[in-house]
Each structure stands twice: as structure tokens, then as C-alpha cells.
Amino acid sequence: MPSRVITVILNYNHSKRFALVISPSPQTDHEIILREARNKFRDKRLSSVFLVGGVILAQGEHLPELVSTVWVGKGEPYCGPPPVAHGSVAAFDAEVHLVSLKSYIDDKAIDQCKSVGRLPGVKLVVGLPDLHPGSRFPIGCAIAADGVYPSLIGSDVGCGIALYELSARPKSSVNPTKLASSLRGLDEPWSGSVSAWLSNYGITRSSAFDAGSLGTVGAGNHFAELCSVERIVDETVAAQLGVVVGGLYLLVHTGSRSLGSSILAAETATESNPYIPPDSAHLPEYLVEHDYAVRWAVANRDLVAHRIKQCIMPSSLDDSADAQPQLDLKKIVDVTHNSVTKHTLTIGDTAHELWVHRKGAAPADQGVAPCPGSRGDFSWLLQPTGDGQYNAHSLAHGAGRRYGRNVLHTGTKISKESLTNTSMGSVVICEDPDLLLEEQPNAYKSVMPVFEDMEERGICKGVVVLRPVVTYKMRKER
Ligand SMILES: Nc1nc2c(ncn2[C@@H]2O[C@H](COP(=O)(O)O)[C@@H](O)[C@H]2O)c(=O)[nH]1
Ligand SMILES: [Mn+2]
């Protein structure tokens with residue numbers, strides 16, 4: 001078993017806790033946990049190790065694979081959270097489906113899918129062809145369970161990708177360098193009324209993240225990309241969407257920024273992967289927060305698009321003077337790829353009402369979904385097909401990472417110029433050198449096999465192929 005990190009909590013005082021790395025060792029996990037706990041908590045009397053629900057880890061035993069939190073005590077009864085549903089930490093094996101013949105899939109991601117399939121209540125795990133390992137749970141994956149595991153959705157609740165029309169027929173030919181230089185001020189807080197913008201999405205609450213973050217792309221894997229149409233594969237669907245050759249479009253990939261992390265942090269304050277059973281009184285409370293983050297993320301993508309249009313096609317409209325600012329460009333599609341939603345799925349011969357967790361998976365029951373490749377590859381618009389049973393009503397949300405971020409800092413040095421000007425003729429704006437390197441096209445799998453794997457499995461067909469023109473990540477203008 002490779003090294004793993006667990007949280008050790010003092011049974012009678014939950015504010016006392018520490019992270020423990022357990023590496024392969026001749027000692028048992030029981031011995032290692034007690035030795036370290038006695039040291040850290042300065043109490044030689046510590047003698048018992050509990051798993052969630054009060055199950056005792058016996059002397060000489062190793063921890064079950066999926067356990068990430070333990071409580072240590074000195075003989076008193078267990079004081080941690082109640083047992084998980086089904087009353088046991090022993091998990092059941094779920095079905096694991098992989099949609100991949102051609103796409104590269106890291107073994108670690110498959111192991112993560114199998115581990116998740118052993119969590120209580122999980123009935124089906126679908127690894128899509130963009131599947132790749134996450135720090136704890138797989139990405140590019142849909143997980144159907146009786147109840148909800150907030151940690152499986154990740155911290156960026158509501159993250160997704162939307163496509164907007166900037167211009168159906170630009171007046172002059174598109175010049176990537178000129179367009180790139182017009183994208184300014186996008187990392188600054190927006191000057192308009194964030195509460196008025198949020199009210200367009202039915203959001204009347206406010207958060208500490210509204211003023212500084214709403215309308216900004218955010219770092220990491222997020223991006224805004226101007227694209228042209230490379231090829232129309234399905235004329236009928238493209239016409240329904242209003243996507244035409246010669247048009248200029250905008251893909252926006254961003255989420256709920258720190259709002260989503262704050263929601264996950266609240267759920268995981270005492271346990272790193274809590275389970276909310278379907279009949280729990282907490283489930284509706286959690287869903288209120290989840291839905292808030294999902295709507296906030298939609299509002300965020302729209303505001304990023306609105307600001308980008310203002311940069312490229314400045315109008316007389318001054319957002320700071322507008323009492324009720326509105327999205328002023330046509331949105332073609334918007335899909336959320338980190339969320340949980342309810343679906344009916346037949347497992348074996350039985351139909352189940354299940355919560356489908358999508359961690360980097362596009363819904364396949366809401367019409368056309370974007371599948372971005374990378375800033376040096378094409379992006380696809382996909383029409384879902386089939387009955388959604390094999391793929392838990394989900395599609396790949398992108399090409400998926402091929403290499404972890406650290407790997408990209410090793411090897412031959414690549415010039416800034418070759419990273420900011422791609423082989424597709426597009427321009428990249430990213431003034432953070434680390435991010436520029438970590439998000440380079442080579443970091444991602446090729447999108448074509450990802451698309452072909454899904455098409456061959458009968459879960460989607462191609463509609464439009466988009467070519468990147470300018471990819472905006474971030475500027476350092478302050
Ligand atoms: N068209 C572009 N696609 C990109 C870019 N950077 C990443 N990607 C793709 O998006 C998904 C997003 O996945 P997430 O897990 O980070 O939400 C990723 O799998 C890539 O395929 C880009 O600059 N342009
Ligand atoms: Mn995302």
C-alpha cells in the first residue's frame with residue numbers, strides 16, 4: 001500500500017487533531033497511530049483507535065483502505081460522528097464502467113474509481129475517457145450513490161463550461177494578437193453591482209467572495225477562450241444552436257471560486273469524506289448550499305463573458321452606472337461539470353433513484369455539451385446519444401490531464417514564446433510562468449480519442465469543432 005494521509009482526532013476533544021502520513025512500515029497502522037498520537041497529544045494513556053461510528057481498530061490491525069479519519073481515546077466511549085449509512089465502514093462493490101479504448105488512462109485513476117466503488121451506498125462508477133487521478137478521488141468520473149458525498153464533487157462546486165456567441169460574422173478578419181491585447185482588467189474586481197448581477201440568477205444572498213471574485217476567471221485550470229469554427233459535423237444541430245462557420249465564439253471555464261471551497265470546508269470540518277444518507281435531514285440543507293454555488297458559478301461565467309465582450313466590443317454602457325446590468329451576448333450552452341443531481345438508473349434488473357456525483361463530467365441529459373481539448377487542441381460540441389444507463393447520463397468534460405503539474409516543471413526548458421503562441425496559431429495570455437508551463441497543451445490528453453471513445457460507445461455524436469484563437473488565463477496588471 002502506498003503512503004497515505006489520515007486525520008487523527010482526539011476522541012474527547014475534537015478540536016485537537018493532526019495529519020499523519022502512514023508509509024509502508026513493519027509496524028501495524030494501529031501501532032503507528034497510537035505512537036504518533038501519544039507524542040502529539042502528550043498523553044501516554046492513549047490506547048484505543050476508533051473508526052467512524054465507533055468501530056474499534058484492533059491491536060495488530062491495519063486500517064481499511066478507504067478510512068481517512070480516526071479518533072484516539074484512553075478507554076472512554078467513542079465520541080465521534082455516528083455510523084455511516086448501512087452501519088459499517090465495510091463497503092460494497094459497485095459496478096465500475098470505463099468508457100475508454102483509445103484514450104490514455106492512468107492506472108492510479110482506475111484504482112481511485114475502484115476505491116470509490118467500495119464506498120457505502122455507491123452503486124455505479126463511470127470513468128469517462130478524460131479520466132485522470134485526482135489528489136484523492138478520480139476526475140473525469142460520474143459516481144451514482146444512494147446518498148451524497150460532498151467530497152466527491154470537489155471544492156469547485158458548480159464549475160462548468162459555457163459557450164457564447166461574440167459575433168456571428170465579424171466585420172474584419174480575426175487577428176489573435178489584436179484581440180489578445182484588448183483583453184484587459186479582467187482580473188480586477190468588476191466595477192458594477194455584484195448584488196444586482198446575482199439577482200438576475202435568483203441569488204439574494206451575499207458572500208465574502210462576491211465583490212472580489214464574481215466576474216473573474218480565477219487561476220488554475222480555468223480559462224476563457226475566443227474560438228472560431230473549424231468544422232461543422234452536424235449541420236442540423238449546429239443550425240439549431242446558431243453556430244456558423246466564420247463566427248467568433250467564447251468558451252468560459254470557471255466555477256464558484258472560493259464560495260464552493262467554503263461549502264466543502266463546512267461539510268468536511270470533522271470528517272474528510274462524510275456521507276449524507278438519502279433520508280438525512282442534512283441532505284436538503286446541503287443541497288441548498290450546493291445549488292447556491294451552482295447558480296453563482298453560472299452567474300460568474302456569464303459575467304466573465306459580459307466583461308470580455310466589453311473589452312472586445314466596447315459599448316457606451318458603463319456597468320458601474322447601470323443599476324441592473326444584464327448579460328449582453330447570446331449564450332449557446334452552459335453545462336456544470338462539478339455537481340450532484342438525481343437520476344433514475346437501472347443497476348442489474350432494478351431501477352434506482354440515485355444521486356449522480358459529477359467530478360469533471362458533463363451532464364448528458366441537457367442537450368449539447370462542450371468538450372474542450374486544450375489551448376493547443378480543438379474543442380468539441382457534443383450531442384449526447386443513448387439512454388444514459390451505461391454512462392450515468394454523463395460525458396467527458398474535456399480531454400483530461402495527461403501529466404500532473406509537478407512533472408511539467410522537469411525536463412527541457414520550453415521558451416515563453418512557444419508557450420504563448422500555440423501550433424494552432426492561437427495566442428495565450430498567462431503572465432504567471434508556472435501556470436503557463438503547467439497548463440501547456442502537452443499537459444492534456446489529445447481530445448480526438450476522447451471523442452472517438454464516446455462516439456464508439458454510443459453516448460454522443462459530434463456537432464461542431466472549435467479552434468482556439470486567444471486563450472485568456474490571467475494578467476498581472478496590479
Ligand atoms: N480549449 C481549452 N481547453 C482547455 C484549456 N485548459 C484545459 N482545457 C480542457 O478543459 C478541461 C477542464 O477540466 P477541469 O478538470 O480543469 O475542469 C481539461 O480537461 C482540458 O481538457 C484551455 O486553455 N483551452
Ligand atoms: Mn472545471
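Ligands are counted one by one from 1 in listed order, and the atoms in each one are counted from 1 as well. On a predicted model such as this, the values are computed, not experimentally measured, just so you know. Counting begins at 1 with the first residue of the sequence.
Considering backbone and side-chain N/O atoms, S379 comes within less than 3.5 Å of an N/O atom of ligand 1. Polar contact check, H397 against ligand 1: a nitrogen or oxygen pair lies under 3.5 Å apart. Note: no N/O pair closer than 3.5 Å links I139 and ligand 1 by distance alone. For ligand 1, the polar-atom distance check finds an N/O of G400 within less than 3.5 Å of one of the ligand's N/O atoms. For a threshold of 3.5 Å applied to N or O pairs, the pair formed by L251 and ligand 1 contains no separation below that value.
Distance alone, capped at 3.5 Å, places no donor-acceptor pair between the S280 side chain and the I276 backbone. Distance alone, capped at 3.5 Å, places no donor-acceptor pair between the R375 side chain and the P468 backbone.
Ring planes of H253 and H222: perpendicular class, angle over 60° (limits at 30 and 60°). Taking the six-membered ring where the residue is Trp, W190 and W197 present perpendicular rings, their angle passing 60° and hence far from 30°.
Counting only heavy atoms of the protein, atom 10 (O) of ligand 1 lies nearest to P372 CG, 3.4 Å. In terms of protein heavy-atom proximity, atom 12 (C) of ligand 1 is nearest to H253 CE1, 3.5 Å.
Metal site remark for the Mn ion (ligand 2): H397 contributes no N, O or S atom at a distance under 2.8 Å. Taking backbone and side chain together, C159 holds an N, O or S atom under 2.8 Å from the Mn ion (ligand 2).
Using a 4.0 angstrom heavy-atom cutoff, T471 counts as in contact with ligand 1. Within the 4.0 Å heavy-atom shell around ligand 1 one does not find G360. Heavy atoms of P468 come nearer than 4.0 angstrom to ligand 1 in no pair at all.
Of the listed residues (W380, Y472, F223), the one carrying the non-hydrogen atom nearest atom 6 (N) of ligand 1 is F223.
Residue contact check: G398 has heavy atoms under 4.0 Å from atoms 19 (O), 21 (O) of ligand 1. Which parts of ligand 1 touch H337 is read off a 4.0 Å heavy-atom cut-off, strictly below it: atoms 17 (O). Within ligand 1, the atoms closer than 4.0 Å to a non-hydrogen atom of G373 are 3 (N), 4 (C), 8 (N), 9 (C), 20 (C), 21 (O), numbered from 1 in the order shown. For ligand 1 and E225, the ligand atoms under 4.0 Å from any heavy atom of the residue are 1 (N), 2 (C), 22 (C), 23 (O), 24 (N).
By the 4.5 Å heavy-atom criterion applied to side chains, V470 and L183 are counted as neighbours. In this structure, S151 and P274 have side chains that are in contact, with non-hydrogen atoms separated by less than 4.5 Å. S213 is not listed as a side-chain neighbour of N300, based on a closest heavy-atom distance of 4.5 Å or more.
Residue K445 does not touch ligand 1, judged by heavy-atom distances below 4.0 Å. Residue contacts with ligand 1 for R375 involve both N, CA, C or O and side-chain atoms from C-beta outward (heavy atoms, distance under 4.0 Å).
Nearest heavy-atom pair, P129 versus S100, reported as atom, atom and distance to 0.1 Å: CA-CB, 4.4 Å.
Residues H97 and N391 bring no donor and acceptor atom of their side chains to less than 3.5 Å of each other. Donor-acceptor pairing under 3.5 Å is recorded for the side chains of E267 and H282.
Each of H393, Q389, H352, E353 was compared with T344 under the side-chain hydrogen bond (donor to acceptor under 3.5 Å, both in side chains) criterion, and only E353 meets it.
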